[in-house]
Number of protein chains: 2
Amino acid sequence: MLPSSTVENYLKAIYLGAGALTPPSRLVPMGQLAGALGVAPGTATTMVKTLAESGLVEYEPYAGVALTKAGQKLAALVVRRHRVIEMFLVRMMGYGWDEVHDEAEQMEHVVSDRLIDRMDEMLGRPEVDPHGDPIPTPEGIVKPQPMQSLLTCPLATPVTITRVIDQDKVFLRFIEKHNLKPGESIEVEARDAASDSVRVRGRDEQRITIGTKAASKLLVQAR
Amino acid sequence: MLPSSTVENYLKAIYLGAGALTPPSRLVPMGQLAGALGVAPGTATTMVKTLAESGLVEYEPYAGVALTKAGQKLAALVVRRHRVIEMFLVRMMGYGWDEVHDEAEQMEHVVSDRLIDRMDEMLGRPEVDPHGDPIPTPEGIVKPQPMQSLLTCPLATPVTITRVIDQDKVFLRFIEKHNLKPGESIEVEARDAASDSVRVRGRDEQRITIGTKAASKLLVQAR
DNA sequence: GTCCACATTTTGATGAGTCAAAAATACAGT
DNA sequence: ACTGTATTTTTGACTCATCAAAATGTGGAC
């Protein structure tokens with residue numbers, strides 16, 4: 001009973017909170033799920049009911065859907081495949097970090113666990129992918145990442161960018177261009193609610209001001 | 001209108017003569033096609049009629065099916081992807097040549113042309129895959145391979161094994177074990193119709209007798 | 001409390017790909 | 001020519017995943 005690509009995509013979307021930028025709450029609303037998958041709302045409802053019958057999700061009508069233990073594990077493995085593949089494409093195949101998403105999206109459903117492990121081995125068993133997203137273990141476990149965003153970290157304090165939560169090519173290229181990729185050391189100089197912006201001092205005293213929406217997608221760790 | 005995996009599989013099967021060991025004749029019979037794809041005969045008929053409407057094959061009821069120019073190109077590209085992937089798995093990922101078929105079978109339908117080209121580049125643009133099967137160019141062209149099998153090559157004459165036409169794990173392992181992989185130098189000592197067998201002298205004076213069916217799957221070139 | 005806007009679920013239908021079994025066809029052998 | 005066997009096509013039905021649009025439920029504004 002290997003799950004179809006479709007099932008894997010639903011589980012993955014629920015696992016990732018269906019693209020919610022807010023902390024993944026317990027229940028993912030149907031609308032959000034349908035949106036994340038690019039299907040009509042009714043389609044998501046139907047599919048989720050099927051998944052519930054297979055014991056992969058818990059479904060509360062009119063409230064939303066959450067993964068069961070089994071569903072979580074399956075989803076984590078899909079995400080693992082995705083992220084290992086992304087890492088492999090960047091490190092071994094010369095892809096840019098903004099070019100790997102679609103390719104990984106396709107491959108994650110067909111590549112064997114064996115090949116994933118080979119890739120993982122060649123990569124030195126990395127803990128995160130090129131975007132800083134954590135790679136679940138083969139058992140489906142993710143090391144919890146205590147993190148803050150540019151919106152919540154202390155001001156005027158050196159921090160390291162560890163993760164960029166957005167797969168949009170244009171955004172990623174912007175981040176790269178301004179040296180804000182994972183690994184870079186920066187400092188948040190100021191936040192301004194009125195102008196909805198955050199001023200950052202990056203490498204070589206470079207200053208850049210970005211919107212709060214963008215700032216919320218950059219996660220950092222104290223240094 | 002990118003073709004589905006199913007369409008690609010039908011085209012590939014027709015391209016490869018649906019597993020016929022005989023030289024790929026013009027028309028592939030429906031039964032053979034259905035057999036190669038593991039579907040019911042009626043299913044193949046239905047699908048082939050659809051393919052004919054898309055202009056990918058020419059279909060002669062009760063006679064069989066053949067690829068059009070367009071179908072040939074598409075099929076060749078699928079085969080190209082398959083063989084480049086096989087080569088990549090063996091050379092770069094540490095797979096055995098008997099272990100790559102299923103993985104490539106899955107990946108060939110999802111991997112982008114870009115990734116295939118990257119692999120091809122890393123491999124030094126090989127002309128054949130680990131089994132000696134020729135790799136079509138990105139334009140879908142295969143260099144014609146003038147070849148004989150162990151059944152047709154001259155006796156007591158040194159030849160080089162260039163290709164093994166069978167993906168069966170057990171057979172491939174047998175071939176490997178007896179040093180009959182592509183690249184090996186051998187000599188056919190005798191053929192015997194009565195016993196349906198061929199005696200071969202391989203590396204280090206090693207003798208081995210194989211059936212004619214097996215012998216027909218080993219292609220060689222004069223040296 | 002009532003009502004309304006919005007999210008969600010239901011309903012009926014569609015397309016792709018498949019099967020089993022019945023009907024039709026081709027062709028080899030007499 | 002005729003008949004029987006093997007192959008092929010047709011038929012009717014099924015599953016999966018989807019949509020559009022109608023029906024229904026939920027929760028906030030007043």
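Below, read A as the first sequence line, B as the second, and so on, with proteins coming before strands; counting in each chain starts at 1.
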Nearest-Å distance, [atom1] ([X]) to [atom2] ([N])?
{"X": "A:L51", "N": "D:dT18", "atom1": "CG", "atom2": "P", "result": "11 Å"}
{"X": "B:L27", "N": "D:dT8", "atom1": "CG", "atom2": "P", "result": "11 Å"}
{"X": "B:Q32", "N": "D:dT9", "atom1": "CD", "atom2": "C1'", "result": "18 Å"}
{"X": "A:Y62", "N": "D:dG25", "atom1": "OH", "atom2": "P", "result": "6 Å"}
{"X": "B:L33", "N": "D:dT7", "atom1": "CG", "atom2": "C1'", "result": "14 Å"}
{"X": "A:Y10", "N": "D:dT18", "atom1": "OH", "atom2": "C1'", "result": "8 Å"}

pair [X]-[Y]: side-chain heavy atoms closer than 4.5 Å:
{"X": "A:E60", "Y": "A:L27", "result": "yes"}
{"X": "B:Q148", "Y": "B:Q221", "result": "no"}
{"X": "B:P130", "Y": "B:M87", "result": "yes"}

Would you name the heavy atoms of A:T212 and A:L151 that are closest together and state the gap between them? O-CD1, 3.7 Å
Nearest non-hydrogen partners of A:D120 and A:V84, listed with the distance: N-CG1, 4.0 Å
On the 0 to 90° scale, with breaks at 30° and 60°, tag the B:F171-B:F174 ring pair as parallel, tilted or perpendicular. parallel
Taking the six-membered ring for Trp, are B:F88 and A:F88 parallel (under 30°), tilted (30 to 60°) or perpendicular (over 60°)? perpendicular
Nearest-nucleotide wise, let me know which of A:A40 and A:P61 is further upstream toward the 5' end of DNA chain D. A:A40
Need to verify one output field. Residue with the more 5' nearest nucleotide on DNA chain D, A:A44 or B:T46? B:T46
Using a 4.0 Å heavy-atom cut-off, does [X] contact any base of the nucleic acid, only the sugar-phosphate backbone, or nothing at all?
{"X": "B:G38", "value": "sugar-phosphate"}
{"X": "A:G64", "value": "nothing"}
{"X": "A:T50", "value": "nothing"}
{"X": "A:G31", "value": "sugar-phosphate"}
{"X": "B:T6", "value": "sugar-phosphate"}

Determine the sole option in B:K181, B:R163, B:E86 for which the side chain to side chain contact (heavy atoms under 4.5 Å, CB included) test with B:H131 is passed. B:E86
Test applied, side chain to side chain contact (heavy atoms under 4.5 Å, CB included); reference residue, B:L218; option that passes from B:I175, B:T162, B:I165: B:I175
With a strict under 4.0 Å distance from non-hydrogen atoms of chain B, what nucleotide opens and what nucleotide closes the contacted stretch of DNA chain C, reading 5' to 3'? C:dG17 to C:dA26
Axis-to-axis angle for the helix from C:dG1-D:dC30 to C:dT30-D:dA1, ends of five pairs each, to 10°, equals 10°
Does [X] place a side-chain N or O at less than 4.0 Å from the phosphate oxygens OP1/OP2 of [N]?
{"X": "B:K49", "N": "D:dT10", "result": "yes"}
{"X": "B:Y59", "N": "D:dT8", "result": "no"}
{"X": "A:T43", "N": "D:dC19", "result": "yes"}

Which nucleotide, D:dT18, D:dT26, D:dA17, lies nearest any side-chain atom of A:S4? D:dA17
Between A:E99 and A:K169, does any NZ, NE, NH1 or NH2 come within less than 4.0 Å of an OD or OE carboxylate oxygen? no
